[in-house]
Visitor: 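Attaching a single structure in structure tokens format; questions to follow.
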Protein chains: 2
Amino acid sequence: MTTAATQRPTLAAVAARAGVSASTASLAFSGAGPVSEATRARVLAAAEELGYAGPDPRAQSLRKGRSGIIGVVMEDRLQYAFSDPVNVAVLEGVADELGPAGFALLLLTDTAESVAGIALAPMDGVILIGCSRDLDVPVTAFRQRGIAIVAIEAEPLEGVVHIDLDNREATAAGARHLRELGHERVGLVTLPLGSAHETQPLSDGLIEGSNVHTTIQRIRGARDVFPDAPGVVAAGFSAEEGLAAGRDLLASHPEITAVIAQSDLLALGVIRAAEEAGMRVPNDLSVLGFDGIRLDGTTHHDLTTLVQPSVEKGRAAGRAAVALVEGGDARGESFSSELHLGSTTAPPRA
Amino acid sequence: MTTAATQRPTLAAVAARAGVSASTASLAFSGAGPVSEATRARVLAAAEELGYAGPDPRAQSLRKGRSGIIGVVMEDRLQYAFSDPVNVAVLEGVADELGPAGFALLLLTDTAESVAGIALAPMDGVILIGCSRDLDVPVTAFRQRGIAIVAIEAEPLEGVVHIDLDNREATAAGARHLRELGHERVGLVTLPLGSAHETQPLSDGLIEGSNVHTTIQRIRGARDVFPDAPGVVAAGFSAEEGLAAGRDLLASHPEITAVIAQSDLLALGVIRAAEEAGMRVPNDLSVLGFDGIRLDGTTHHDLTTLVQPSVEKGRAAGRAAVALVEGGDARGESFSSELHLGSTTAPPRA
DNA sequence: TTGTAAGCGTTATCAT
DNA sequence: ATGATAACGCTTACAA
């Protein structure tokens, strides 16, 4: 298989062949000015003959000062990022908005390498999703380059448009639901708090050392209602990791009657851990999730959870990024979650 | 939130401020030539003062004729594409290779829109993953633009480097394993055959009207051994869709003693369908998967399956793309799968 | 070691 | 409706 380093034809070549000037040929392609039908046809024919596929995006980017590319920064490992259905939904939402707006989506991961690569990619804007790292460094770099920045559920940052979710309030609402049912001893199974992907007991030190906004806010919301709730930090986003965390939590805190899990997948794992330990849900243990993803067929329970508009968050981020890049300014948006009462919460055993 | 349309400083400005020529400043940044330590320091200082973040990638792309961007074309809906763990693994492999090589990854979806967007994005190369569409149109467009093309498990295409998997042979090997156990009536649960994402009986017409290489090859492999095996086409990649397909297959073909599922997730669904119908696996029904993804905690079975090197495929594709872009030529690679004997296949009930 | 000059392929502005 | 000209911001021979 060979790659002929054949010289690609340029607009100038096409123009020459069509017997017009380069500027006219340009107009014929962009339709940005008045060109007679006859000349346009001649130009297009010349292009066809020369195998010219249209203006070179590289030159266009330079000339227009825009590349039409918006980057999305995700968790360091893609397998990780994509194991979270919410992340995927958000990405889908972003893509939904970018495509029609004529923007392409560049996938960046939250690694030193990739953040260096940031310097290399011709991006007009960037969207930060579920990053656990410290955002100051990349954000500063983006700002310096004049790249528009949108962040989803991040701590407030200067010059960044924020797309938010009521993580704290929603979790608190879920917690109140449990308290109203009569629960007093509640445990937490949280999403990861940083890059250390291991199951571990939740401690104040861990929280302080972390900057994973979403996880922290959800912990706060739960503790707004149950200030002393113990917890276990899951090693990841999957049901398996929820299972592991659930086992730990139930073993170390046998007194609890309800678990606030920070995602539906984690909740699913917790339910498995409970059933494994011979408990029934919700009779012996209530379980609350977060996200509202569809878990068809994966469980026979109808999970009580906080339903959040994942795809909408992505769309909002995409729209904001496009607006910023197109010179307008964008306001941040705030989304809220709704408590879905399923069959996994009930009053505690008498 | 505002976006100051402040004029970004240019290399020329930095050079002026440092009292050197633009070319020297360029060298100071790229390190591509001899620059005295003193001048370099001066240039860097000037850059710092002006808030210059380094050469503009847009200008670099034009000048160098390369953008450092490689596109990856996936299934039309990202939620779809990412619901297949193999796709995700492949993508991870691609990212593994691109990052260190200094390339960024552009995510494209297999839609008319996106394929049009192809025209807009400054890509140096492109990798085609699990596309169900007709590839001729996009491939022609890429070729015309001089974009290097790598395809994973696609029908042979002129001027495209192929990364292959022994789909047919591996499936045939799995099928022989079943035959050796004594199975004679075997059913198929296949991956989607096109964009029609619905559960439906497998028919010759469907196969002929389709160009989903992988699915077709795996069907052929199965029928190399069981020529008349009936089948059901799943509506997607997930266990839920395997469940639906499994139900259909078991209902319409109660005589079968084994199922060849085209992915582990589908196999998982088939196992659920069987258990739901009161059959035990493998006693009443043998189930064979494909992929060898880890299904920890999701099932109590050790799935008999064909283990394929998903991440490696991605890496190979990434390497090939980089090699092509860097002017070398790349040979395609062919990977093979290995039969893992688990506990889900056994001789048929006597 | 540093500077000069010539583009890379396109589009925007301004004439004609 | 079309053309000439000048950038866009950078890199790279080549000259000094």
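Protein chains get the first letters and strands the later ones, always in sequence-line order, with residue 1 at the start of each.
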Visitor: Quantified as the angle between the terminal helix axes (five pairs each), what is the overall bend of the helix from C/dT1-D/dA16 to C/dT16-D/dA1 to 10 degrees?
Guide: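 Computed angle between terminal axes is 30°.
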Visitor: Excluding sequence neighbours, so at least two apart, what forms side-chain hydrogen bond (donor to acceptor under 3.5 Å, both in side chains) with B/N211?
Guide: none
Visitor: Please name all residues satisfying side-chain contact (heavy atoms from CB on, under 4.5 Å) with A/E312, sequence neighbours left out, ordered by chain then number.
Guide: A/P309, A/R315, A/R319, A/F335
Visitor: Should B/T24 be listed as having a side-chain N or O under 4.0 Å from OP1 or OP2 of C/dG3?
Guide: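 Yes, such a contact exists.
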Visitor: Please list each protein N or O that sits under 3.5 Å from an N or O in nucleotides 14-16 of chain D, with the distance.
Guide:
none

Visitor: Got a sec, which residues hit salt bridge (Lys or Arg N to Asp or Glu O under 4.0 Å) with A/D124, two or more places apart in sequence or on another chain?
Guide: B/R58
Visitor: Sequence neighbours excluded, which residues qualify as side-chain contact (heavy atoms from CB on, under 4.5 Å) partners of A/A22?
Guide: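 side-chain contact (heavy atoms from CB on, under 4.5 Å) check on A/A22 returns nothing, list empty.
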Visitor: Within the structure shown, what part of the strands sits under 4.0 Å from B/T39 by heavy-atom distance: base, sugar-phosphate, or nothing?
Guide: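 Answer is sugar-phosphate: B/T39 comes under 4.0 Å of backbone atoms only.
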Visitor: Suppose we screen for side-chain hydrogen bond (donor to acceptor under 3.5 Å, both in side chains). Which residues come up paired with B/E153, at least two apart in sequence or across chains?
Guide: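 With neighbours one apart ignored, the set is B/N167, B/T214, B/K313.
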Visitor: Using modelled atom types only, decide if a donor and an acceptor are shared between the side chain of B/R42 and the backbone of B/A18 within a distance under 3.5 Å.
Guide: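 A pair under 3.5 Å: yes.
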Visitor: Name all residues meeting the ring-ring contact (aromatic ring centres under 6.0 Å, His included) criterion together with B/F29; count only those two or more places apart in sequence or in a different chain, and write none if there are none.
Guide: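 If we apply the ring-ring contact (aromatic ring centres under 6.0 Å, His included) test to B/F29, skipping adjacent residues, the hits are B/Y52.
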Visitor: Let me know the distance between CZ of A/R58 and C1' of D/dT11, rounded to the nearest Å.
Guide: 15 Å
Visitor: Determine all donor-acceptor pairs shorter than 3.5 Å in which one atom belongs to a side chain in residues 31-38 of chain B; sequence neighbours excluded.
Guide:
{"from": "B/S36", "atom 1": "OG", "to": "B/T39", "atom 2": "N", "distance (Å)": "3.2"}
{"from": "B/S36", "atom 1": "OG", "to": "B/T39", "atom 2": "OG1", "distance (Å)": "2.5"}

Visitor: Counting primed atoms plus P, OP1 and OP2 as sugar-phosphate and everything else as base, spell out the protein contacts along nucleotides 6-16 of chain C at 4.0 Å heavy-atom distance: B, S or - for each nucleotide, 5' to 3'.
Guide: BBBBBBB----
Visitor: Excluding sequence neighbours, so at least two apart, what forms salt bridge (Lys or Arg N to Asp or Glu O under 4.0 Å) with B/R77?
Guide: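 Here the qualifying residues are A/E92, A/D96.
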Visitor: Got a sec, which residues hit side-chain hydrogen bond (donor to acceptor under 3.5 Å, both in side chains) with B/S26, two or more places apart in sequence or on another chain?
Guide: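 With neighbours one apart ignored, the set is empty.
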